[in-house]
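One structure is given below, encoded as structure tokens.
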Amino acid sequence: MTRLIFLGPPGAGKGTQAKALSGMCNVPHISTGDILRAAVKAETELGQKAEGYMSAGELVPDDLILDLIRERLSENDTATGWLLDGFPRNVEQAEFLNKLLAEINQTCDVVINLEVPDDELVTRMLSRGRADDKEAVIRNRLEVYREQTEPLIDLYKGSGQLRSVDGNQEMQRVTEALQQFVQCEVNAKGVEA
Ligand code: ADP
């Protein structure tokens, strides 16, 4: 069973690392950013409501996100675990998740905090070229992160779930560093990952 939350500022590489671990551990990678971008592309009601917030680098309102997470975590493919990337992103979302997990009798094993200095984050995002990777929007996303998401670090430190990993090194190195904190199903069966 592998249940992980990926924390960390925008551009830290959460998506890349979550994808790698999701493949290794064979559990779904649940990225609220990916889900929202797909909704925008498909022009669904959710996408239409979310688009303005995303392009301004603001958080999408909680009422658009919470039901989506409840539904996603009730799908069959989460039976062996999940990797959450981009959720929770504020204290209200973290409290919602705590309650939801208690309700469905699950616990999160580990919260990974990927640490990367601001200069490097900006460089990475500018080279990525996503629609919301323009300098002013990047600056706002970093500010929103500091104000709303960073407080979760202390919250999960307090619960003993937080593990910090240096995200400012080669991708493969980061993956290796993560593996020491992540117990895949293969490990649980006694096979080396
Ligand atoms: P990054 O972490 O690089 O900013 P994401 O793909 O995680 O990228 O998120 C992109 C955008 O999607 C955010 O700036 C925000 O507008 C929206 N978003 C993603 N996840 C959430 C969430 N849990 N709550 C509110 N908004 C979200």
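What's counted below: heavy atoms across the whole structure, side chains too, no hydrogens, waters or symmetry copies. We count ligands from 1, going down the list as the structure has it; atoms in each ligand are counted the same way.
Protein heavy atom in closest approach to atom 26 (N) of ligand 1: Val60 N, 3.0 Å.
Between Lys14 and ligand 1, a contact under 3.5 Å exists for at least one N or O pair. In terms of polar-atom proximity, Gly86 is counted as a contact of ligand 1, with an N or O under 3.5 Å from an N or O of the ligand. Annotation: Asp132 places no N or O atom under 3.5 Å from an N or O atom of ligand 1; distance criterion only. Considering both main-chain and side-chain atoms, Ser31 never comes within under 3.5 Å of ligand 1 through any nitrogen or oxygen pair.
The ligand atoms of ligand 1 that sit less than 4.0 angstrom from a heavy atom of Gly11 are 3 (O). Residue-ligand proximity, Thr32 to ligand 1, at heavy-atom distances under 4.0 Å covers atoms 19 (C), 20 (N), 21 (C), 23 (N). Every atom of ligand 1 with a heavy atom of Glu58 under 4.0 Å away is listed here by number and element: 15 (C), 16 (O). Close approach of ligand 1 to Gln93 (heavy-atom distance below 4.0 Å) involves ligand atoms 22 (C), 23 (N), 24 (N), 25 (C). Atoms of ligand 1 found under 4.0 Å from any heavy atom of Pro10 (numbered from 1 in listed order, with element): 1 (P), 2 (O), 3 (O), 4 (O).
Across Met54, Arg89, Gln148, heavy-atom proximity to atom 9 (O) of ligand 1 is greatest for Arg89. Atom 27 (C) of ligand 1 has its nearest heavy-atom neighbour, among Leu36, Ile35, Leu97, in Leu36.
In Arg141, the part holding a heavy atom less than 4.0 Å from any atom of ligand 1 is the side chain. Contact annotation: for Ile65 versus ligand 1, heavy atoms closer than 4.0 Å belong to the side chain alone. Under 4.0 angstrom from ligand 1, the non-hydrogen atoms of Arg130 all belong to its side chain.
Around the CZ atom of Phe96, the shell of radius 6.0 Å holds more than 12 heavy atoms that belong to other residues, nucleotides or ligands. Surrounding CG of Asp77 are more than 12 heavy atoms belonging to other residues, nucleotides or ligands, all under 6.0 Å away. Under a cut-off of 6.0 angstrom, the local environment of CZ in Arg173 is sparse, with at most 12 non-hydrogen atoms contributed by other residues, nucleotides or ligands.
In this structure the side chain of Leu7 never reaches within 4.5 angstrom of the side chain of Arg163, judged on heavy atoms. Leu101 has its side chain out of reach of Thr107: every pair of non-hydrogen atoms, C-beta onward, lies at least 4.5 Å apart. With contacts defined as side-chain heavy-atom distances shorter than 4.5 Å, the pair Thr175/Met24 qualifies. In this structure, Val110 and Val182 have side chains that are not in contact, with every pair of non-hydrogen atoms separated by 4.5 Å or more.
In this structure, Arg37 is part of the shell of residues with a heavy atom less than 4.0 angstrom from ligand 1. Heavy atoms of Arg128 approach ligand 1 to within less than 4.0 angstrom.
When every heavy atom of Asn113 is checked against every heavy atom of Ile153, the shortest pair comes out as ND2-CD1, 3.6 Å. The two residues Arg124 and Gly167 come nearest to each other via the heavy atoms NH2-O, 2.9 Å.
Neither side chain, Asn168 nor Glu115, offers a donor N or O lying under 3.5 Å from an acceptor on the other.
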task = Applying salt bridge (charged side-chain N to carboxylate O under 4.0 Å, His left out), run through Lys49 and Glu45 and close with a yes or a no.
result = CA-CA 6 Å; Lys49 286 182 182 161; Glu45 199 185 331; 3.1 Å; yes

